[in-house]
Amino acid sequence: MNTITASAVIDTRQPAGWRWAPAWVLAYVAAWPVAPLSEAILSLGALTALFLLLRARFASGQHLLGRGAWALSTALFFAYWLPQLFSAPDALDPATLGHTLAGLRCLPFMWLAAGAVASERGRHTVFAGIALIVLVWALDVLLQGASAGRINFLNGALDALYPGGQGQTRCEVWLLRGEDGFDGVFGSCNPVLGIVLASCSPFVLFAAAQRFARAGWLVAAVLMGMAIFFSGLGAAGVGYALVLLCSGWQVWGGKRLLLALAGCAVVMTALVLSVPQVGVHFARAAMLPQGGATAADAALAGSGRIWGAAACMVENHPLNGVGARNFRYAFADCDPARQILCMGENCPMPAEQWNESTALHAHQLIYEILSETGFLGLVLWLAGAVLAWRAWRVADAACRERARPAMLALAATVFPFNPHPAFHAPFWGGVFLLWAALYAGSLLAREAVPDTSDVDKNPPG
């Protein structure tokens, strides 16, 4: 079996346009709390990548990425995108095909992102930049939690900038969190801060460990954990536990990791006892031992009902699903509790766990893939997972080490044993594809290309 080695990986001269690739990636991540802005950055970055590649007629591709990185990033994109395309003919929403075709813009942006981490300098800039952005978000929600919600600095600043100081906010607040947690920079209209922090946490933990060794990792683990708890825990807890175990094992080893995690647990326990917003989730989880479908569904915040509807959709549309992002349209016919579904002004809300009239997506990766893209979609996703895993297996230790933060972020994002945002939606799908690109670009960095600049300047004779 051939082994990918890092010995041939060196920093080489890049086309001038590619030197801005790290800035595009960091701008995209920083703009996540403002969805229209992040979408615009992704689109402009994709157009920039296409322009630069076409101008060079792809001749500069070897300076950007090695062949393996080109192939892996492209294959991972199509493993994500093709299931959506195959689901379009039978989709309930006629606009599904248009949304799917619009997703093609993510491919050149993935090339740009992979190229941004193809050199040591680029990797340091991107990984450290993501860590800094996420740490600022975490500190902001900690400040919000410490002030019992009275201070929401970053979100308030963004609201003040939109639209010209007329007292309006960036979005309609359709979901009120109440005692469920704090939303930080993302705001109440998009309560995804916890899962985003968990997904991005590997960059913070590895950066802290690299700069301040074990003590840095421990402080970063506690800070990120507290921020995730303040955000309401929810789906983020399982993913963050995976990040702690994998990154902690790398930094501490087995026995010492247990002691470090025990210390973190003491801090978290004290937090649970002192913050009502955090205790709500544990009170909900405590309902599981009571048994019964009702208690289990309440403990899972209504996810049991959603997963029951997803199973119905899989049974009715096993080959290619109901269509990507079409879960909301098929939910009414498959809702296990459709007899209480609120369809008029005078009827009650469908479930106490939700403040909306229908479920928008399956809230879990496998159910989402199967219900929206069928078994055909699941096969393609599994093929992409096999390719990613094989690339990791054949890489040497140095290649794995430089790709470890991106790999762990990708693993935490797709970890199937915790609920997720919608993978087929632009936001979470963009997060997933970004981690896939950073993983491919850092694991399979560009091959050595002879630097002939000095030869050109000083020809023989």
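FYI, the numbering just counts along the sequence from 1.
Among the candidates Phe77, Trp381, Tyr439, the single residue satisfying the ring pair (Phe, Tyr, Trp, His ring centres under 6.0 Å) test with Phe432 is Trp381. Each of Asn152, Asn155, Leu135, Leu193 was evaluated against Asp140; a single residue qualifies, Asn152, per the side chain to side chain contact (heavy atoms under 4.5 Å, CB included) test.
The environment of CZ in Phe415 is crowded: more than 12 heavy-atom neighbours from other residues, nucleotides or ligands sit within 6.0 Å.
Pairing each heavy atom of Ala75 with each of Leu387, the nearest pair is CB-CD1, 3.7 Å. Val431 approaches Ser199 most closely through the heavy-atom pair CG1-OG, 4.1 Å.
Scanning for ring pair (Phe, Tyr, Trp, His ring centres under 6.0 Å) contacts around Phe203 gives Phe127, Trp435, with sequence neighbours left out. With sequence neighbours left out, Trp137 forms a ring pair (Phe, Tyr, Trp, His ring centres under 6.0 Å) with Phe186. Under the rule for a ring pair (Phe, Tyr, Trp, His ring centres under 6.0 Å), the partners of His361 that lie at least two apart in sequence or sit in another chain are His363. For Phe109, the ring pair (Phe, Tyr, Trp, His ring centres under 6.0 Å) partners two or more places apart in sequence, or in a different chain, are Tyr28.
Checked by atom type and distance alone, the side chain of Arg305 never pairs as donor or acceptor with a backbone atom of Asp335 at under 3.5 Å. Trp307 places a side-chain N or O within donor-acceptor distance of the main-chain N or O of Ala362, the cut-off being under 3.5 Å. A donor-acceptor pair under 3.5 Å is absent between the side-chain atoms of Arg400 and the main chain of Leu443, judged by distance alone.
Salt bridge present: Glu401 and Arg404 bring a charged side-chain N and a carboxylate O closer than 4.0 Å.
Between the side chains of Trp111 and Thr74, at least one donor N or O sits under 3.5 Å from an acceptor N or O. Side-chain polar atoms of Glu368 and His420 form no donor-acceptor pair below 3.5 angstrom.
Leu26 has its side chain within reach of Thr125: a pair of non-hydrogen atoms, C-beta onward, lies under 4.5 Å apart.
Summarising the geometry, atom CG belonging to Asn418 is positioned 9.5 Å from atom CG belonging to Leu365; distances are rounded to the nearest 0.5 Å.
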Could you go through residues 36-44 and list every donor-acceptor pair under 3.5 Å that involves a side-chain atom there, pairing it with any protein atom two or more places apart or in another chain?
{"from": "Ser38", "atom 1": "OG", "to": "Ala35", "atom 2": "O", "distance (Å)": "2.9"}
{"from": "Glu39", "atom 1": "OE1", "to": "Arg105", "atom 2": "NH1", "distance (Å)": "3.3"}
{"from": "Glu39", "atom 1": "OE1", "to": "Arg105", "atom 2": "NH2", "distance (Å)": "2.3"}
{"from": "Ser43", "atom 1": "OG", "to": "Glu39", "atom 2": "O", "distance (Å)": "3.0"}
{"from": "Ser43", "atom 1": "OG", "to": "Arg105", "atom 2": "NH1", "distance (Å)": "2.7"}

Name each donor-acceptor pair under 3.5 Å that joins a side chain in residues 82-93 to protein atoms two or more places apart or in another chain, with its distance.
{"from": "Gln84", "atom 1": "NE2", "to": "Tyr80", "atom 2": "O", "distance (Å)": "3.4"}
{"from": "Ser87", "atom 1": "OG", "to": "Gln84", "atom 2": "O", "distance (Å)": "2.8"}
{"from": "Ser87", "atom 1": "OG", "to": "Ala324", "atom 2": "N", "distance (Å)": "3.2"}
{"from": "Asp90", "atom 1": "OD2", "to": "Asn320", "atom 2": "ND2", "distance (Å)": "3.0"}
{"from": "Asp93", "atom 1": "OD1", "to": "Ala95", "atom 2": "N", "distance (Å)": "3.2"}

